[in-house]
Every structure is written in structure tokens, then in C-alpha cells.
Novice: 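Can you read through this structure? Questions will come right after.
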Amino acid sequence: MTQRSDIAPETISISLEREGIEVEYLDGRTVFYHGVPTKKEESVVTGPGKEVHVLVTSPDEEEGVMVYVNDRRTHDDILESTGVGRVIVDRGEEASLFPGVDAENHGYRTEITADPETARGRVFVFSEDERGEASYELVKEDHAEGTGDADRED
């Protein structure tokens with residue numbers, strides 16, 4: 001497997017729609033994350049083997065920064081041309097993605113924890129593989145629609 005390194009993200013354009021979230025990369029391409037994100041209090045643990053993308057919006061919600069967590073497939077040049085960053089988090093380790101947003105590697109699962117006030121924007125987590133995708137918005141305590149074991153994705 002090719003060794004990959006951390007890459008700092010750049011600001012990219014976003015559009016929050018009723019049907020999901022559209023991201024426009026620096027190279028002009030767009031991607032649409034379908035569905036209304038499920039609100040989770042402070043953290044979400046992704047399922048095993050999922051690709052994990054974290055988006056933090058600006059306060060005006062028109063732009064943001066995105067990081068792929070533990071992505072080992074995308075070549076550095078592609079990420080740099082799109083403005084997407086990458087953070088590699090070793091097993092059992094934790095890393096700060098942005099102020100107020102952390103990632104922890106639990107082996108086959110990744111936990112993303114956020115304090116939206118410290119992040120100064122909305123925090124979205126996208127988890128996907130060839131079988132489907134899920135999206136979450138991390139919110140302060142008492143702003144989520146359900147808690148408990150529901151915050152673990154299988």
C-alpha cells in the first residue's frame with residue numbers, strides 16, 4: 001500500500017440544500033452528499049471500513065473546509081487540486097482536524113467528536129462505502145434527535 005501523508009485543506013464552496021449538501025471543489029467538480037444529515041450529540045462512531053469525510057462550514061454556511069480521515073487511496077495531487085485535506089490517524093491515536101473537531105482511530109472504526117461553538121460553524125460527517133452512505137451533523141448536547149447507542153453506525 002502506498003504511504004500517504006497529511007494534507008492541509010483549503011476553503012471550498014458549499015451549498016446546504018433540503019435534499020443534502022453540495023460541495024464544489026477548487027477544480028470546479030462538485031459532489032452531492034444525499035439526504036438530510038442525522039443530528040448527533042457531540043460525536044459519531046463510523047462503521048468498520050467506511051470512508052470518513054468531515055466538513056466544517058463557515059459561519060455564513062457558504063463555504064467550508066473538508067478533510068478525509070485515513071484515506072489511503074486518493075493520491076496527494078488529487079487532494080491538493082480539489083482543496084480537500086487528509087489526516088492519517090494511527091490505531092489508538094487521536095488527532096485534531098480543526099479547532100473543536102477531533103478524530104480518534106478505534107481500529108476498524110473512526111470516532112469524530114466536535115464542539116460546533118469552538119469550530120465556529122456546522123460540523124458534518126459523511127461515512128460511505130460501496131454499499132451506501134450516511135451523513136451526520138454534530139451538535140451541542142440537547143440539540144440532537146436521539147442519543148445513546150443510536151450514535152454508533154454499523
Side-chain angles (χ1 to χ4, degrees), residues 4-47 50-71 73-89 94-105 109-153:
R4 297 291 183 212
S5 59
D6 290 356
I7 295 175
E10 296 188 45
T11 302
I12 55 179
S13 296
I14 62 167
S15 179
L16 304 180
E17 307 292 335
R18 283 194 331 233
E19 303 84 19
I21 300 171
E22 182 177 50
V23 175
E24 182 179 350
Y25 299 124
L26 294 180
D27 64 7
R29 291 182 303 123
T30 60
V31 65
F32 193 78
Y33 292 95
H34 296 276
V36 176
T38 302
K39 293 184 185 220
K40 298 290 180 184
E41 288 184 358
E42 300 174 357
S43 74
V44 64
V45 178
T46 63
K50 301 285 186 175
E51 293 179 18
V52 179
H53 306 168
V54 179
L55 171 67
V56 178
T57 72
S58 60
D60 67 7
E61 300 177 356
E62 293 182 6
E63 57 187 18
V65 286
M66 179 174 272
V67 169
Y68 292 176
V69 179
N70 286 346
D71 172 87
R73 292 188 229 177
T74 310
H75 195 276
D76 294 4
D77 291 344
I78 293 171
L79 291 174
E80 290 166 356
S81 72
T82 61
V84 174
R86 174 177 45 223
V87 173
I88 303 296
V89 184
E94 185 174 345
S96 176
L97 304 179
F98 309 104
V101 184
D102 298 319
E104 187 171 354
N105 183 336
R109 296 178 183 268
T110 302
E111 180 175 15
I112 306 297
T113 305
D115 175 359
E117 282 185 15
T118 303
R120 298 185 51 221
R122 294 172 74 178
V123 179
F124 297 98
V125 178
F126 307 104
S127 172
E128 57 188 39
D129 63 14
E130 63 280 347
R131 296 183 302 169
E133 62 183 52
S135 60
Y136 306 94
E137 180 179 4
L138 297 179
V139 297
K140 292 211 46 96
E141 204 169 321
D142 299 328
H143 289 92
E145 301 165 356
T147 59
D149 289 337
D151 65 354
R152 175 164 281 217
E153 175 197 324

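These figures come from a predicted structure and were not determined experimentally. Position 1 is the first residue of the sequence, and the numbers go up from there.
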Novice: Determine the interplanar angle of the H34 and F32 rings, folded into 0 to 90°, and report it as parallel if under 30°, tilted if 30 to 60°, perpendicular if over 60°.
Specialist: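 Plane angle over 60°, so perpendicular.
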Novice: Calculate, to the nearest 0.5 Å, the distance between atoms CZ and OG belonging to R109 and S127 respectively.
Specialist: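 Here the interatomic distance stands at 10.0 Å.
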Novice: Under 4.5 Å between any side-chain heavy atoms of L55 and V65, yes or no?
Specialist: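 Counting from C-beta outward, L55 and V65 never come under 4.5 Å.
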Novice: Taking all atoms of both residues into account, what is the closest heavy-atom pair of L26 and S81, and its distance?
Specialist: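 Closest pair (atom of L26, atom of S81, distance): CB-O, 3.6 Å.
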Novice: Please confirm whether the backbone N or O of I112 pairs with a side-chain atom of D102, one donor and one acceptor, at under 3.5 Å?
Specialist: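 Side chain of D102 to backbone of I112: no pair is present.
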Novice: What I'd like to find out is whether the side chain of V84 reaches to under 4.5 Å of the side chain of Y68, using heavy atoms alone.
Specialist: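 V84 reaches Y68 side chain to side chain.
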Novice: Nearest 0.5 angstrom please: E94 CD to E104 CD, how far?
Specialist: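 Answer rounded to 0.5 Å: 5.0 Å.
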Novice: I'd like to know if the side chain of N105 reaches the main chain of V89, judged simply by a donor and an acceptor atom lying under 3.5 Å from each other, with no hydrogens or angles considered.
Specialist: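 It does hold such a pair.
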Novice: Tell me whether the rings of Y33 and F126 are parallel (<30°), tilted (30 to 60°) or perpendicular (>60°).
Specialist: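 Y33 and F126: parallel rings.
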Novice: Starting at CD of E41, measure out to OH of Y136 and round the result to the nearest 0.5 Å.
Specialist: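 Reported to 0.5 Å precision, the distance equals 15.0 Å.
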Novice: Yes or no on salt bridge (Lys or Arg N to Asp or Glu O under 4.0 Å) for R73 and E51, after CA distance, side-chain angles and deciding distance?
Specialist: CA-CA 10 Å; R73 292 188 229 177; E51 293 179 18; 3.8 Å; yes
Novice: Of all heavy-atom pairs between G35 and S135, which one has the smallest distance, and what is that distance?
Specialist: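 Taking every non-hydrogen atom into account, O-OG, 4.0 Å.
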Novice: Return the CG to CD1 distance between N70 and I88, rounded to the nearest 0.5 Å.
Specialist: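 The CD1 atom of I88 is 5.0 Å from CG of N70, to the nearest 0.5 Å.
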Novice: Show the atom names and distances, to 0.1 Å, of all donor-acceptor pairs under 3.5 Å that link a side chain in residues 13-22 to residues at least two apart or in another chain.
Specialist:
{"residue": "S15", "atom": "OG", "partner": "E17", "partner atom": "OE2", "Å": "2.2"}

Novice: With rounding to the nearest 0.5 angstrom, report the CD to NE2 distance, E128 to H53.
Specialist: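 Those atoms lie 5.0 Å apart.
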Novice: Side chains of R86 and D76: closer than 4.5 Å at any heavy-atom pair?
Specialist: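 Sidechains of D76 and R86: in contact.
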Novice: Stepwise, does the side chain to side chain contact (heavy atoms under 4.5 Å, CB included) test hold for F98 with V54?
Specialist: CA-CA 10 Å; F98 309 104; V54 179; 4.3 Å; yes
Novice: Would you confirm whether D77, through its side chain, and E80, through its main-chain N or O, come within 3.5 Å as a donor-acceptor pair?
Specialist: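 Absent.
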Novice: Are S58 and E63 side-chain neighbours, meaning at least one heavy-atom pair lies under 4.5 Å?
Specialist: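 S58 vs E63: side chains touch.
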Novice: Do D115 and E42 have side-chain heavy atoms sitting under 4.5 Å apart?
Specialist: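 Of all side-chain heavy-atom pairs linking E42 with D115, none is under 4.5 Å.
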Novice: Please determine if R122 and E137 form a salt bridge, counting it only when a charged side-chain N lies under 4.0 Å from a carboxylate O.
Specialist: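 A salt bridge is present here (some side-chain N lies under 4.0 Å from a carboxylate O).
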Novice: Taking the side chain as every heavy atom from C-beta outward, state whether V44 and E111 have any atom pair closer than 4.5 Å.
Specialist: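 Not in contact.
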Novice: Should Y25 and V31 count as side-chain neighbours, where that means a heavy-atom distance under 4.5 Å?
Specialist: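 SC-SC contact between Y25 and V31 confirmed.
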Novice: Quick one: are R29 and T82 in side-chain contact, heavy atoms under 4.5 Å?
Specialist: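 Contact flag for R29/T82 side chains = yes.
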Novice: Of all the heavy-atom pairs spanning T110 and V69, show the shortest one and how long it is.
Specialist: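 Heavy-atom minimum between the residues: CG2-CG1, 3.9 Å.
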Novice: Looking at every non-hydrogen atom in both residues, tell me the closest pair between L138 and P116 and how far apart they are.
Specialist: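 What the structure gives for the nearest pair is O-CG, 3.2 Å.
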